[in-house]
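Accompanying notes for the structure given below.
Everything quoted here is computed from the prediction, not taken from an experiment.
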Amino acid sequence: MQYALMIYNDPGHLEALSDADREAAYAEYFALTDDARCVVGAQLQSAETATSVRVAGGRTLMTDGPFADTKEVLGGFCLIEAANLDEAIELAARIPAARFGGVVEVRPVVRR
């Protein structure tokens with residue numbers, strides 16, 4: 001089954017780490033993307049580069065910035081193949097953001 005691992009963290013959290021800790025965190029992210037169970041993964045640019053789009057009354061409305069005004073922002077994602085939720089959680093726990101004050105949301109992907 002496929003699961004989306006959505007990585008939320010405080011903006012600038014990696015920059016706040018020491019150089020050695022930041023390099024170690026990036027190495028862990030790269031190791032996860034090298035795992036055969038990882039279908040695809042990507043780091044997103046900062047939330048300030050986001051554009052939110054809504055359609056209301058037939059008009060397309062755009063707003064600069066992320067959809068939600070929250071402390072933590074979506075910083076990246078990983079799509080994985082896992083046998084079950086326990087295996088997906090095990091992979092999510094390897095993501096550095098989960099240890100550095102962020103959260104990894106694990107959600108099954110709908111297959112049609």
Side-chain angles (χ1 to χ4, degrees):
M1 173 168 226
Q2 288 189 331
Y3 291 87
L5 308 181
M6 294 168 285
I7 305 161
Y8 294 88
N9 46 40
D10 293 334
H13 80 284
L14 282 174
E15 292 78 11
L17 298 174
S18 69
D19 289 342
D21 287 341
R22 186 172 36 261
E23 287 179 32
Y26 276 123
E28 289 180 72
Y29 281 113
F30 292 134
L32 180 62
T33 59
D34 288 339
D35 189 304
R37 296 170 290 183
C38 181
V39 176
V40 65
Q43 178 181 7
L44 301 175
Q45 291 192 18
S46 71
E48 290 81 24
T49 66
T51 301
S52 296
V53 178
R54 292 177 178 78
V55 177
R59 291 186 35 212
T60 301
L61 307 171
M62 295 176 291
T63 306
D64 290 338
F67 171 69
D69 185 21
T70 63
K71 179 181 159 192
E72 296 171 332
V73 296
L74 180 63
F77 66 91
C78 187
L79 180 65
I80 62 165
E81 288 279 352
N84 53 44
L85 180 59
D86 290 336
E87 185 178 356
I89 290 169
E90 176 187 318
L91 286 168
R94 291 176 41 195
I95 295 175
R99 292 191 314 274
F100 293 130
V103 66
V104 179
E105 181 180 341
V106 178
R107 193 181 302 183
V109 174
V110 174
R111 303 291 293 198
R112 296 187 188 216

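- Considering only heavy atoms from C-beta on, Glu87 stays 4.5 Å or farther from Ile80 through its side chain.
- Surrounding CG of Asp64 are at most 12 heavy atoms belonging to other residues, nucleotides or ligands under 6.0 Å away.
- Val106 and Ile7 fall within the same hydrophobic cluster, defined by Ile, Leu, Val, Met, Phe, Trp and Tyr side-chain heavy atoms under 4.5 Å apart, directly or through other members.
- Side-chain heavy atoms closer than 4.5 Å link hydrophobic residues (I, L, V, M, F, W, Y) into clusters, and following such links, even through other members, never connects Val109 to Tyr3.
- With rounding to the nearest 0.5 Å, the separation of CG in Asp35 from CG in Leu91 is 5.5 Å.
- The backbone N or O of Leu17 lies less than 3.5 Å from a partner atom in the side chain of Arg22, making a donor-acceptor pair.
- Tracing side-chain contacts under 4.5 Å through hydrophobic residues (I, L, V, M, F, W, Y), one never reaches Leu32 starting from Val39; they form parts of separate clusters.
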Under the criterion side-chain contact (heavy atoms from CB on, under 4.5 Å), I'd like the reasoning laid out for Glu105 against Leu74: C-alpha separation, chi angles, the key distance, then a yes or no.
CA-CA 10 Å; Glu105 181 180 341; Leu74 180 63; over 6 Å; no

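- The side-chain heavy atoms of Glu72 and Asn9, taken from C-beta on, include no pair separated by under 4.5 Å.
- Considering every non-hydrogen atom in both Ala25 and Pro96, the closest pair reads O-CG, 3.6 Å.
- The aromatic rings of Tyr26 and Tyr29 sit tilted, their planes meeting at an angle between 30° and 60°.
- Closest approach of Cys38 to Cys78, counting heavy atoms only: SG-SG, 3.0 Å.
- A side-chain hydrogen bond (donor to acceptor under 3.5 Å, both in side chains) check over residues 39-49, counting only residues at least two apart or in different chains, returns the pairs Ser46-Glu48.
- Hydrophobic clustering, with ILVMFWY side chains joined whenever heavy atoms are under 4.5 angstrom apart, groups Leu79 together with Leu44.
- Annotation for Ala98 and Ala92: closest pair CB-O, 4.2 Å, computed over non-hydrogen atoms.
- The 12-atom threshold is exceeded at CZ of Arg99, counting heavy atoms of other residues, nucleotides or ligands nearer than 6.0 Å.
- Contact check for Asp10 versus Phe100: no side-chain heavy atoms found under the 4.5 Å cut-off.
- There is no path of hydrophobic side-chain contacts, each under 4.5 Å, that joins Val104 to Val40.
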